[in-house]
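Presented below is the structure to which this report refers.
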Amino acid sequence: MSEKSEKSEARLSVFKTYKLYVGGKFPRSESGRVYEVSDSKGNWLANAPQSSRKDARDAVVAARKAFGGWSGATAYNRGQVLYRVAEMLEGRKEQFVREVAEAEGLSKAKAAAVVDAAIDRWVWYAGWTDKIAQIVGGANPVAGPYFNLSSPEPTGVVAVLAPQDSSFLGLVSVLAPVIATGNTAVVVASAKAPLPALSLGEVLATSDVPGGVVNVLSGATAELGAPLAAHQDVNAIDLAGADAELAKELEIAAADNLKRVLRPQPVDYTATPGTERLTAFLETKTVWHPTGALGASGSSY
């Protein structure tokens with residue numbers, strides 16, 4: 001073959017196959033279903049896995065298995081891991097800018113600003129991991145010969161319905177605080193724009209986040225939200241990506257095992273967040289400890 005013909009030969013593109021992220025691995029949906037994902041102009045982008053109830057249950061099993069190790073890690077260590085996620089995202093910024101621009105119909109400059117904000121959001125929450133206990137815990141003043149100490153503990157497995165319109169910054173804003181405080185998560189990505197979330201799974205897999213701490217599903221929000229809300233081994237659910245009607249149905253289902261429920265509310269994801277989402281999925285453990293008997297003078301001995 002001549003040099004000229006080699007240069008003129010067309011190259012076949014390698015299309016990306018998007019997969020779920022469950023238990024640190026990348027399975028296809030057990031149902032074998034996929035659905036078409038289009039950009040803001042209706043142009044085809046990719047086929048995304050359409051997760052089933054079985055996928056949701058598998059994700060809960062993985063999240064529960066990972067909970068002991070993740071919640072038992074030091075808060076400082078969790079902060080290091082979250083910061084590592086930001087580092088890895090920084091190195092893949094170009095990919096996420098493209099995916100966010102296509103998903104949300106943004107210009108390249110605006111999409112870059114969104115991705116920068118999402119990276120900064122990981123750093124922000126990484127800094128809070130070893131500080132939130134000082135905000136919501138501490139010694140309580142009591143009358144008697146004992147100490148009374150309160151400290152926050154993670155709730156457990158949290159189902160997160162990611163925002164529908166903010167496919168990346170909104171996703172990070174609801175996911176990062178869940179795992180920063182020691183919970184594990186089952187995330188249902190934006191149904192219409194799941195590709196940034198599925199790509200985030202690839203970043204998490206190489207960011208020192210233990211397998212199962214975050215599990216990412218794509219598909220119909222209502223179809224996946226129902227089994228997660230009713231699941232007896234899910235301790236809490238964030239309904240950020242549910243509309244009012246679906247949120248009501250899921251809240252009723254969640255009451256069966258007294259899940260913590262964070263109802264959907266208007267949120268400006270570009271604004272600096274407070275500590276509300278950090279504390280939303282924390283429980284408070286209070287310990288009483290005797291200090292010794294008090295004498296007539298009020299001193300202990």
Side-chain angles (χ1 to χ4, degrees), residues 20-23 51-72 78 125 132-133 136-137 150-164 170-191 197 212-267 273-286:
L20 308 177
Y21 182 55
V22 177
S51 306
S52 67
R53 290 171 174 263
K54 176 66 163 55
D55 294 315
R57 292 195 295 269
D58 289 345
V60 174
V61 171
R64 177 58 62 190
K65 185 177 180 181
F67 177 69
W70 184 244
S71 62
R78 288 199 299 270
Y125 280 114
I132 191 64
V136 298
S150 294
S151 60
E153 290 188 339
T155 297
V157 175
V158 180
V160 179
L161 306 187
Q164 298 296 334
L171 166 71
V172 171
S173 298
V174 298
L175 171 61
V178 169
I179 64 173
T181 48
N183 299 288
T184 54
V186 177
V187 180
V188 179
S190 166
V213 170
V214 178
N215 305 274
V216 183
L217 306 175
S218 58
T221 302
E223 181 181 355
L224 297 172
L228 290 172
H231 201 297
Q232 296 296 299
D233 205 25
V234 174
N235 304 105
I237 186 167
D238 185 342
L239 301 176
D243 58 31
E245 182 178 353
L246 178 60
K248 183 177 180 180
E249 294 175 4
L250 297 183
E251 189 171 18
I252 293 172
D256 195 39
N257 74 331
L258 303 179
K259 287 180 179 64
R260 278 180 173 250
V261 177
L262 186 61
R263 289 186 59 82
Q265 50 197 305
V267 179
T275 59
E276 290 81 7
R277 288 189 177 274
L278 282 166
T279 58
F281 304 116
L282 285 174
E283 306 292 342
T284 300
K285 178 178 71 176
T286 301

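For this chain, numbers begin at 1 and follow the sequence in order. In what follows, every heavy atom counts, from backbone to side chain, and hydrogens, waters and symmetry copies are set aside.
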Nearest 0.5 Å please: distance from the [atom1] atom of [X] over to the [atom2] atom of [Y].
| X | Y | atom1 | atom2 | result |
| --- | --- | --- | --- | --- |
| Asp58 | Leu20 | CG | CG | 10.0 Å |
| Lys248 | Asp243 | NZ | CG | 12.5 Å |
| Asn257 | Asp233 | CG | CG | 8.5 Å |
| Ile132 | Leu278 | CD1 | CG | 4.5 Å |
| Leu171 | Leu161 | CG | CG | 11.5 Å |
| Leu282 | Thr181 | CG | OG1 | 4.5 Å |

Kindly indicate whether the side chain of [X], heavy atoms from C-beta on, has any atom under 4.5 Å from the side chain of [Y].
| X | Y | value |
| --- | --- | --- |
| Ile179 | Arg78 | no |
| Gln232 | Val60 | no |
| Phe281 | Asp238 | yes |
| Glu283 | Asn235 | no |
| Val22 | Asp55 | no |

Where [X] and [Y] come nearest, the two heavy atoms and their spacing:
| X | Y | answer |
| --- | --- | --- |
| Pro163 | Val174 | CD-CG2, 3.9 Å |
| Ala191 | Thr221 | CB-OG1, 3.9 Å |
| Leu175 | Ala185 | CD1-CB, 3.7 Å |
| Ala133 | Pro152 | CA-CG, 3.7 Å |
| Thr184 | Val178 | O-CG1, 4.2 Å |
| Ser51 | Glu223 | O-OE2, 3.9 Å |

Item checked: Short side-chain to backbone donor-acceptor contact, Arg260 and Thr155, under 3.5 Å ->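 Absent.
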
Check: Do any N or O atoms from the side chain of Asn183 and from the backbone of Gly156 form a donor-acceptor pair under 3.5 angstrom?
Finding: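 Yes, because the side chain of Asn183 sits within donor-acceptor range (under 3.5 Å) of the backbone of Gly156.
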
Next item on the list: May I have the step-by-step check of side-chain contact (heavy atoms from CB on, under 4.5 Å) for Val136 and Thr284, ending in yes or no?
Entry: CA-CA 8 Å; Val136 298; Thr284 300; over 6 Å; no

Item checked: side-chain contact (heavy atoms from CB on, under 4.5 Å) between Val267 and Glu276, worked out -> CA-CA 12 Å; Val267 179; Glu276 290 81 7; over 6 Å; no

Note to self: Evaluate Leu228 against Val188 for side-chain contact (heavy atoms from CB on, under 4.5 Å), listing each step before the verdict.
What the structure shows: CA-CA 10 Å; Leu228 290 172; Val188 179; 3.7 Å; yes

Item checked: Residue pairs passing the salt bridge (Lys or Arg N to Asp or Glu O under 4.0 Å) test where at least one lies in residues 249-259, sequence neighbours excluded ->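 For residues 249-259: Glu251-Arg263.
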
